[in-house]
Number of protein chains: 2
Amino acid sequence: MQSITPVRRKITLSDVAAGCGVSRATVSLVLRGSPLVNKHTRARVEEELRRQGYVYNRAAANLRRRTSSSIALVLNDLTNPFFAEFAAGVDAVVGEAGFVTLLGCTSESSTREQAVLGSLIEHGPAGIILSPAEGSSAQQVLAAMGAQTPLLLFNRELGGSLPEYAHWDLLALDNQHGTRLATEHLIAQGHRRIAFFGGHSTASSYRQRQAGYTEAMQSAGLRIEPHWQVECAPTRLDAANQTAALFATAPAPTAAVCYNDAVALGLMLGLSQRGLRPGRDFALTGFDDIAEAAMSTPPLTTLTTAPLARGRQAAELLLLRLRDPAAATRRTIAPVQLVVRASSCPPATV
Amino acid sequence: MQSITPVRRKITLSDVAAGCGVSRATVSLVLRGSPLVNKHTRARVEEELRRQGYVYNRAAANLRRRTSSSIALVLNDLTNPFFAEFAAGVDAVVGEAGFVTLLGCTSESSTREQAVLGSLIEHGPAGIILSPAEGSSAQQVLAAMGAQTPLLLFNRELGGSLPEYAHWDLLALDNQHGTRLATEHLIAQGHRRIAFFGGHSTASSYRQRQAGYTEAMQSAGLRIEPHWQVECAPTRLDAANQTAALFATAPAPTAAVCYNDAVALGLMLGLSQRGLRPGRDFALTGFDDIAEAAMSTPPLTTLTTAPLARGRQAAELLLLRLRDPAAATRRTIAPVQLVVRASSCPPATV
DNA sequence: CTCCGAGTTTGGATCGTTCCAAATGCGGCA
DNA sequence: TGCCGCATTTGGAACGATCCAAACTCGGAG
C-alpha cells in the first residue's frame with residue numbers, strides 16, 4: 001500500500017539518492033542496469049525509485065551523452081491515408097528501436113516545410129524522414145536543417161540543383177514500372193487510345209509515372225495525342241473538373257492511366273457527369289490502392305504500394321544509416337504491384 | 001558568398017560568443033530577442049550566428065528553464081483516416097503554438113499503450129492528448145504517465161475505477177445525439193423495425209451510441225427485438241460476417257443504425273451477399289463520415305464529426321489547460337451532424 | 001601486520017543553455 | 001573631481017543526467 005502524496009516538484013536522481021543514502025552516480029548505474037552495482041544496493045534503490053515515483057529525464061541524459069532519442073517525420077499530407085499508414089509504419093519501427101517520433105505536417109507547402117524542419121531540428125533528432133512538399137528544393141531543405149542530421153527522402157525527389165556536399169538516402173516507389181504495368185494491362189484489354197490523366201508535372205513522381213506510360217505506349221507502337229495528357233491537382237475535385245479536357249478534341253481516348261487513386265476516383269465522377277459509365281464505357285486505373293479503391297463503383301484497378309510496409313522500411317533504412325553514418329548513399333526503389341479490378345474493362349464495342 | 005566548412009562538432013553558444021568576442025550570456029540574450037542588448041552588438045552576433053551555422057539546442061534550454069516544448073499525441077489507430085485527420089489538426093495547432101508533436105501509436109493494444117506512454121513521458125511533454133486503446137483503464141494510464149502531466153482524453157472514456165485524485169479534460173463526440181438523429185431520420189423515412197448493428201459494448205462510445213438509438217426508438221413508441229442488437233468488431237470484415245444474425249429470427253429489421261462507417265460498409269457487403277440491395281431493400285446509417293462513405297454504393301448516410309477540426313480543438317483545449325493548470329476540469333462534447341445520402345431509403349414496399 | 005586486487009561506491013566536472021547579481025562604461029550634474 | 005543613474009555586459013551557478021578517475025571495503029596472501 002503506497003500513499004501517494006501529490007508533489008509539485010519533479011523527482012530527480014538526487015532525490016532518490018538522498019532517499020536511500022547512496023550517491024547520484026550509483027542511482028544512475030542502477031537505472032542503466034549496470035552490472036557494477038551490488039545486488040542488495042540495487043534492490044534498495046529500485047524500491048526507492050518506485051516509492052518516489054521517479055521518472056527518467058531523457059533530455060538531460062541526451063545532453064550529457066550527446067546522443068539523441070528521437071527521429072523526425074515530416075509529411076506533406078497526413079490526411080492522405082497513404083501517408084497516414086506510412087506514418088504508422090514508421091512510428092512502429094522507430095518505437096521498437098527505442099526512439100520517439102517527432103511529427104511535422106507541411107500541408108504541401110514548402111514554406112511551412114522550412115518552418116517545420118527548423119523547429120524540429122532544434123530538438124536534435126537523430127535523423128529525419130522527409131516526404132517533401134510539392135516544389136520544395138534541395139537548397140531550401142538544407143538551409144532549414146543543416147547538413148549534420150541524416151536525411152531519408154521518401155516518395156519524391158527534391159527539386160533544385162544539389163550542392164555537391166549534399167547526400168541523403170532515398171526510398172521511392174517504382175513509379176515508372178507501375179504505370180508501365182497499368183498501361184500494358186489496358187493495352188492487353190484491347191485499348192489503343194489511352195490517356196495519362198492528372199497530377200502536376202512539377203513533381204518527380206509525376207514525371208516517372210508519365211515515363212512508364214509513354215514507354216509502354218511506344219513499345220506497343222501506339223501514338224499519344226497531346227490532349228490525352230491532362231494535368232490537374234492530385235485531388236478528387238480537380239480531377240472531376242478537368243475531365244472535359246480529355247474529350248475536347250477527337251480522337252477521344254477509351255481509357256486512362258491516372259496519376260493516383262484520388263485522381264481516378266475524381267475522373268469516375270467526371271465521367272458519370274458526362275453520361276459515361278466508368279468500367280463499361282471507359283476504362284481507368286489508379287495508383288496507391290487506398291482503401292476506397294476497392295469500394296468504389298466500379299472497384300478500381302490500381303497499384304498497391306503497401307504504405308505500412310514502406311513506413312517500416314523507411315525507418316529501418318534510417319536506422320541503418322545511423323549505425324553507419326559513413327556508408328555510401330542508398331537509393332531504394334520499392335516494387336509496386338498491379339491489382340486488377342473492374343474499372344479496367346475492355347473497350348466498349350460501339 | 002559563404003564558405004561552408006563541414007564541421008563535425010556541433011556549434012554552441014560559446015563558439016559563437018568566442019567568435020565575436022562577447023560572452024555567452026549576451027549571445028543568449030540576442031537569441032531570445034532581448035531589448036537589453038545594444039543594436040550594434042546584436043547585428044554582430046547575428047552575423048556570427050549565421051556564419052557558423054548555429055542551431056539552437058532546445059533540449060538544453062528546456063532543461064535549464066524547466067519548461068517543455070513538446071506535446072505528446074497517443075493514438076489507438078493512425079491507419080484509420082478519422083484519426084489521421086485528427087492528428088493533422090492537432091499537429092497544426094501544436095506547431096502554431098511553438099510546440100512540437102511527439103507521436104505514439106498503440107494499435108489498439110493497452111499493453112503497447114503503457115509502453116508508449118512510458119517512453120513519451122521520459123521526454124517530458126508539456127501535455128498529452130490520448131485516444132485510449134480499447135480496454136485501457138485509468139489505473140494503467142496513470143501508472144504509466146504519473147499524475148504530473150496534463151492529460152486530454154479524446155474520443156473514449158477510460159475504463160476502471162478512477163482514483164479520486166485523478167482528473168483530466170475530455171473531448172468527446174456527441175455520440176448519443178448522433179445516433180438519435182440517425183434513428184429519428186430512419187423513423188421519419190417510415191421504418192418501424194430498426195436494428196443497432198456492430199461495435200463492442202465494452203467501449204464507452206458504443207454505450208452512448210446505443211443509448212441514442214434506444215432513446216429515439218422509445219420516444220417513438222417502437223419496440224426493440226433482442227436480436228436487433230448485434231455486436232461485432234468495428235471492422236468491415238467482421239461486420240459482413242455478422243450480417244446473418246440480423247435475419248436469424250423473425251421479425252427481421254428493415255433498417256439498421258450502425259456503430260460506425262466501417263461497420264456500415266461491411267453490412268452493405270453482407271446484405272449484398274444475401275441478395276439484399278442496400279439503399280433499396282434495406283436502409284442503413286453509419287458514423288464518422290470517412291471519405292469512403294460518400295463513395296460507396298449507395299452513398300452512406302452518416303454523421304460527420306469533422307476530425308480535422310476536432311484535432312485543432314483538442315490541441316486548443318490542452319493549450320488552455322497548460323495556461324491554467326488549476327482551472328476546473330472540462331468535459332467538451334463536440335456536435336455531430338447528420339449527412340443524408342442514398343443509403344437511408346424508405347422501407348421497401350413488399 | 002601490511003599489501004593487493006576485485007568488487008563497489010563516489011565526488012566533481014561536464015553537456016549547452018538560462019538566470020542573477022554584480023560589474024562596466026559613460027554622460028551629466030553638483 | 002566625485003557621484004549618480006542608465007544602458008549594457010558578464011562570470012558563475014544552476015538544470016538533471018553521465019563519465020571518469022579516485023577511493024573505499026574486505027578477505028586472503030605474503
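Please read all numbers here as calculations on a predicted model, not as lab measurements. Lettering follows sequence order; numbering is per chain, from 1.
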Next item on the list: Return each pair, listed once, that meets ring-ring contact (aromatic ring centres under 6.0 Å, His included) where at least one residue sits in residues 30-61 of chain B; pairs must be two or more places apart or across chains.
Entry: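 Residue pairs with at least one partner in residues 30-61 of chain B: there are none.
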Note to self: Taking side chain to side chain donor-acceptor pair (under 3.5 Å) as the definition, give me every residue that meets it alongside A/E46, ordered by chain and number, with sequence neighbours left out.
What the structure shows: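 Residues passing side chain to side chain donor-acceptor pair (under 3.5 Å) with A/E46: none at all.
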Check: For A/T67, what residues pass the side chain to side chain donor-acceptor pair (under 3.5 Å) criterion, not counting sequence neighbours?
Finding: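 Only A/N62 meet the side chain to side chain donor-acceptor pair (under 3.5 Å) criterion with A/T67.
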Kindly state each residue pair satisfying salt bridge (charged side-chain N to carboxylate O under 4.0 Å, His left out) with at least one member in [range], sequence neighbours excluded.
range                       : value
residues 316-327 of chain A : A/D169-A/R321
residues 131-157 of chain B : B/E108-B/R156, B/E157-B/R331
residues 142-154 of chain B : none

Item checked: Partners passing ring pair (Phe, Tyr, Trp, His ring centres under 6.0 Å) against B/F154 (at least two apart in sequence or in another chain) ->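 B/F154 satisfies ring pair (Phe, Tyr, Trp, His ring centres under 6.0 Å) with B/F86 only.
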Next item on the list: Return the angle between end axes of the helix from C/dC1-D/dG30 to C/dA30-D/dT1, with five pairs used per end and rounding to 10°.
Entry: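 Answer for the end axes of this duplex: 90°.
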Notebook entry, point to check: Which nucleotides of nucleotides 5-16 of chain C have their base under 4.0 Å from a protein heavy atom (B), which only their sugar-phosphate (S), and which neither (-), written as one string 5' to 3'?
Noted result: ---BSBBBBBBB
Can you give me every donor-acceptor pair (side chain of residues 87-96 of chain B, partner residue at least two apart or in another chain, under 3.5 Å) with its distance?
{"unit_1": "B/D91", "atom_1": "OD1", "unit_2": "B/T101", "atom_2": "OG1", "d": "2.7"}
{"unit_1": "B/D91", "atom_1": "OD2", "unit_2": "A/C105", "atom_2": "N", "d": "2.9"}
{"unit_1": "B/E96", "atom_1": "OE2", "unit_2": "B/R312", "atom_2": "NH2", "d": "3.3"}

Margin query: For a 4.0 angstrom threshold against heavy atoms of chain A, report the outermost contacting nucleotides of DNA chain D in 5' to 3' order.
Written below: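 Terminal contacting nucleotides, 5' to 3': D/dG16 to D/dC19.
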Margin query: Quick test of your reading: applying side chain to side chain donor-acceptor pair (under 3.5 Å), list the pairs with at least one residue in residues 21-33 of chain B, sequence neighbours left out, ordered by first then second residue.
Written below: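 Found B/S23-B/T26, B/S28-B/R32.
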